[in-house]
Amino acid sequence: MKLWIGLIIAFAVLVFVYNFIKNKKRRKANVDMVAEFNKRYHKDKKVKKSEHKEYSNYITKYNSSLDYVEKAEIASDKLG
């Protein structure tokens, strides 16, 4: 009887140790996946200082300070 109880306890300890090691490896792999994701996808978000210097703000019809132009003014500008 004591032999059976000892075998059951030994089996439970083996299963516990096996699951502990497996979960520890899985957690380490998840941390590695997060680091790999950050390295792969967030590296492009780093903007170089030289890129900011080359940027110039273009005036378009959507961001212009001019709100309204009458049709007669446009026609007079084209003619003369």
Side-chain angles (χ1 to χ4, degrees):
M1 186 68 169
K2 291 181 183 181
L3 180 66
W4 284 105
I5 294 173
L7 289 175
I8 292 173
I9 292 174
F11 178 74
V13 168
L14 286 175
V15 169
F16 176 78
V17 169
Y18 173 75
N19 284 330
F20 179 78
I21 292 171
K22 190 167 100 174
N23 287 334
K24 191 172 183 180
K25 287 181 182 179
R26 187 179 301 146
R27 273 188 257 130
K28 184 179 179 185
N30 284 341
V31 171
D32 290 341
M33 285 192 304
V34 170
E36 180 182 339
F37 174 82
N38 287 335
K39 187 172 77 173
R40 183 180 296 170
Y41 293 104
H42 293 296
K43 71 178 180 180
D44 297 336
K45 291 188 178 188
K46 296 178 184 175
V47 178
K48 297 177 184 176
K49 292 181 181 180
S50 62
E51 291 178 10
H52 287 293
K53 293 179 182 177
E54 297 174 8
Y55 176 75
S56 62
N57 190 9
Y58 296 102
I59 303 295
T60 64
K61 67 179 184 177
Y62 299 108
N63 67 352
S64 175
S65 61
L66 185 62
D67 287 334
Y68 179 75
V69 178
E70 292 186 23
K71 189 174 183 180
E73 289 181 30
I74 295 174
S76 66
D77 287 341
K78 287 182 181 178
L79 293 177

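All figures in this text were calculated on a predicted structure; none of them were measured in a lab.
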Linking I/L/V/M/F/W/Y whenever their side-chain heavy atoms sit closer than 4.5 Å, directly or via other members, would Val13 and Ile21 fall into one cluster? yes
To the closest 0.5 Å, what do you measure between CD1 (Ile8) and CG (Leu3)? 10.0 Å
Whether Phe37 and Tyr41 hold their rings parallel, tilted or perpendicular, with breakpoints at 30° and 60°: tilted
Is the shortest side-chain heavy-atom distance between Val15 and Phe11 below 4.5 Å? yes
For Glu70, check side chain to side chain contact (heavy atoms under 4.5 Å, CB included) against everything at least two apart and list the hits. Tyr68, Glu73
